[in-house]
Undergrad: 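Sharing a structure with you now.
Just so you know, these numbers come straight off a predicted model, no measurement behind them. These numbers come from the heavy atoms of this one structure, side chains and all, not from hydrogens, waters or symmetry mates. To find a chain, count down the sequence lines: A is the first, B the second, and so on, and within it residues start at 1.
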Number of protein chains: 2
Amino acid sequence: MNAEDMNLEDGKKKFIQSWGTMGSSWGINRTMAQVHALLLISPDALCAEDIMEDLKISRGNANMNIRKLIDWGLVYKELKPGERKEFFVAEKDMWDIARCIIIQRKKRELEPMLRVIDEISSVEGTCPESEEFCKVVKDIKVFSSKADSTLDRLSKADAKWFASTFMNMIK
Amino acid sequence: MNAEDMNLEDGKKKFIQSWGTMGSSWGINRTMAQVHALLLISPDALCAEDIMEDLKISRGNANMNIRKLIDWGLVYKELKPGERKEFFVAEKDMWDIARCIIIQRKKRELEPMLRVIDEISSVEGTCPESEEFCKVVKDIKVFSSKADSTLDRLSKADAKWFASTFMNMIK
DNA sequence: AAGAACTTTCAAAAAGAAGTGAAAGTTAAT
DNA sequence: ATTAACTTTCACTTCTTTTTGAAAGTTCTT
């Protein structure tokens with residue numbers, strides 16, 4: 001083992017911490033991302049209590065964020081026979097994780113825009129101002145519809161295809 | 001003109017407002033996105049004063065956000081002959097706009113992760129915990145390097161290629 | 001080099017987002 | 001039906017981010 005090697009505990013801390021920071025810049029809240037990180041690197045399922053202790057967060061907070069992760073499809077409930085408690089495991093396949101995130105971000109970032117743009121497309125006019133306006137709206141509409149359907153297909157594509165075709169496609 | 005047609009003023013307001021909301025969920029601050037929206041739909045260059053008035057924001061705020069938009073490459077300074085004042089115009093080509101955003105988001109969302117993952121890769125071990133940890137870190141590394149180079153190429157691709165090839169590629 | 005016309009900075013204030021924890025709600029076993 | 005083991009909710013607090021505006025800094029013009 002090299003002197004520069006990082007030990008497991010420090011590595012874990014750093015990972016959870018960074019996944020959290022990352023999360024915020026991804027529009028995911030810090031704690032949600034940290035819970036996800038914790039579950040990702042845990043070899044077995046954890047219960048709410050474990051998570052609260054590890055991350056030093058309250059019950060309510062833990063619960064909220066676990067719930068959100070389940071909604072997103074990034075985490076599953078796991079019931080152990082004979083135990084009342086609920087345990088949680090993270091989805092560990094990178095492509096599935098990416099897929100979940102693509103779907104959620106599309107929902108939050110793209111779809112609302114498409115709706116507004118549709119509403120707004122009924123503006124029409126002949127002055128320079130309205131012409132500029134309509135042109136911009138039109139361009140956004142065309143562009144974002146394309147992006148929308150591309151992301152749609154991408155999120156439905158399977159992992160294998162993704163790895164082999166998409167990633168290399170752009171050569 | 002239909003009864004349901006939206007008039008220009010309302011359309012503009014709605015557009016600026018929504019682009020702003022959108023911005024927040026994109027990790028771009030609301031005001032920055034609104035300034036961008038305003039410039040996007042304006043047929044000619046606006047000065048700081050115009051922007052302050054239109055959006056009802058302070059001088060400092062306007063200045064900061066214009067500056068950030070310029071840094072991102074979404075807005076250009078325009079100097080009118082004979083005028084001291086600086087005017088600003090938005091980049092209006094959708095593909096150029098997308099490109100700027102891809103570059104910035106990659107910088108903020110992906111690159112920091114790659115750095116941390118690199119640091120962390122020096123952990124090694126033999127217990128189940130460290131094995132799980134190393135596996136996850138490895139998977140993330142592989143995946144995010146691929147994503148990184150794909151985005152890189154994408155951001156260097158030109159508009160024409162983008163429109164014709166990429167968008168339809170996934171058929 | 002003095003003045004006018006703008007632009008930038010920054011510390012303090014306001015707004016907004018996230019976290020807490022105790023109380024209320026559920027559910028499974030007896 | 002009761003209880004015990006969990007989960008969820010929500011009014012309140014704490015932390016973060018954004019905005020303000022006045023003061024300081026620039027840079028053209030004469």
Side-chain angles (χ1 to χ4, degrees), chain A residues 16-39 45-72 75-89 104 108-109, chain B residues 16-17 19-39 45-72 75-89 104 108-109 112:
Chain A
I16 292 173
Q17 158 63 38
S18 314
W19 201 255
T21 311
M22 178 105 291
S24 343
S25 81
W26 281 54
I28 291 165
N29 96 34
R30 206 178 70 247
T31 307
M32 178 170 164
Q34 286 180 340
V35 173
H36 184 225
L38 178 61
L39 288 170
L46 301 178
C47 68
E49 216 89 358
D50 296 335
I51 295 171
M52 288 164 58
E53 279 174 28
D54 265 320
L55 302 180
K56 289 167 182 61
I57 56 175
S58 72
R59 186 169 295 286
N61 194 10
N63 185 272
M64 280 277 269
N65 287 297
I66 292 170
R67 207 63 29 207
K68 275 193 259 170
L69 285 165
I70 292 175
D71 288 346
W72 279 47
V75 164
Y76 312 116
K77 261 187 200 172
E78 193 173 278
L79 297 172
K80 296 198 177 173
E83 290 245 41
R84 271 296 290 292
K85 235 184 294 191
E86 295 181 325
F87 288 80
F88 307 97
V89 234
Q104 294 297 328
R108 293 194 319 160
E109 300 178 4
Chain B
I16 291 173
Q17 159 62 39
W19 201 254
T21 311
M22 177 105 292
S24 342
S25 82
W26 282 53
I28 291 163
N29 97 33
R30 207 178 69 248
T31 307
M32 178 170 163
Q34 286 180 341
V35 173
H36 184 225
L38 177 61
L39 289 170
L46 302 178
C47 67
E49 215 88 2
D50 295 335
I51 294 172
M52 288 164 58
E53 278 174 30
D54 264 320
L55 303 179
K56 290 166 183 63
I57 57 176
S58 71
R59 184 168 297 284
N61 197 8
N63 184 271
M64 282 256 314
N65 286 298
I66 293 170
R67 207 61 30 204
K68 276 193 258 171
L69 285 165
I70 293 176
D71 288 346
W72 280 46
V75 164
Y76 312 116
K77 260 186 202 173
E78 193 173 279
L79 297 172
K80 297 197 178 175
E83 289 246 40
R84 276 291 294 289
K85 234 185 297 193
E86 295 180 326
F87 288 80
F88 306 97
V89 236
Q104 295 297 328
R108 293 194 321 159
E109 300 179 3

Undergrad: D/dT17 P sits how many Å from B/Asn61 CG, rounded?
TA: 16 Å
Undergrad: Which residues pass the side chain to side chain donor-acceptor pair (under 3.5 Å) test with A/Lys77, not counting sequence neighbours?
TA: A/Glu86
Undergrad: How far apart are the closest heavy atoms of B/Glu83 and B/Phe87, and which atoms are they?
TA: OE2-CZ, 3.9 Å
Undergrad: I'd like to check the side-chain contact (heavy atoms from CB on, under 4.5 Å) partners of B/Gln104; sequence neighbours left out, ordered by chain and number.
TA: B/Trp72, B/Lys107
Undergrad: Between CD1 of B/Ile16 and CZ of B/Arg30, what distance do you get to the nearest 0.5 Å?
TA: 12.5 Å
Undergrad: Expressed as a whole number of angstroms, how long is the span from B/Arg108:CZ to D/dT17:C1'?
TA: 13 Å
Undergrad: Could you measure the distance from the CD atom of B/Gln34 to the CG atom of B/Asn29? Nearest 0.5 Å is fine.
TA: 9.0 Å
Undergrad: Rounded to the nearest Å, what distance is computed from the CE atom of residue B/Met52 to the C1' atom of nucleotide D/dT19?
TA: 12 Å
Undergrad: Nearest-Å distance, CG (A/Leu55) to P (C/dT20)?
TA: 10 Å
Undergrad: Residues in side chain to side chain donor-acceptor pair (under 3.5 Å) with A/Thr21, at least two apart?
TA: A/Gln17
Undergrad: With sequence neighbours excluded, what pairs up with A/Met22 under the side-chain contact (heavy atoms from CB on, under 4.5 Å) test?
TA: A/Ser25, A/Trp26, B/Pro112, B/Met113
Undergrad: Nearest 0.5 Å please: distance from the CZ atom of A/Arg67 over to the CZ atom of A/Phe88.
TA: 5.5 Å
Undergrad: When the axes are fitted on five pairs at both termini, how much does the helix from C/dA1-D/dT30 to C/dT30-D/dA1 curve, in 10° steps?
TA: 20°
Undergrad: Roughly how far, to the nearest 0.5 Å, is CD1 of A/Ile28 from CG of A/Leu69?
TA: 8.5 Å
Undergrad: Check residues 48-58 of chain B and write down every donor-acceptor pair under 3.5 Å in which the side-chain atom is one partner and the other belongs to a residue at least two apart or another chain.
TA:
residue, atom, partner, partner atom, Å
B/Glu49, OE1, B/Arg59, NH2, 3.3
B/Glu49, OE2, B/Arg59, NH2, 3.3
B/Asp50, OD2, B/Cys47, N, 3.0
B/Ser58, OG, B/Asn61, N, 3.2

Undergrad: Detail all sub-3.5 Å separations between protein N/O atoms and N/O atoms belonging to nucleotides 12-17 of chain C.
TA:
none

Undergrad: Would you mind reading off the distance between A/Met64 atom CE and D/dT9 atom C1', rounded to a whole angstrom?
TA: 9 Å
Undergrad: Would the number of heavy atoms belonging to other residues, nucleotides or ligands and lying under 6.0 Å from CE of B/Met32 be above 12?
TA: yes
Undergrad: Would you tell me if any nitrogen or oxygen in the side chain of B/Thr31 comes within less than 4.0 Å of OP1 or OP2 on D/dT18?
TA: no
Undergrad: Might you list the N or O atoms of the protein lying below 3.5 Å from N or O atoms in nucleotides 5-8 of chain C, with each pair's distance?
TA:
residue, atom, partner, partner atom, Å
C/dA5, N3, B/Arg84, NH2, 3.0
C/dT7, OP1, B/Glu86, N, 3.2
C/dT8, OP2, B/Asn63, ND2, 2.4
C/dT8, OP2, B/Arg67, NE, 3.4
C/dT8, OP2, B/Arg67, NH2, 2.6

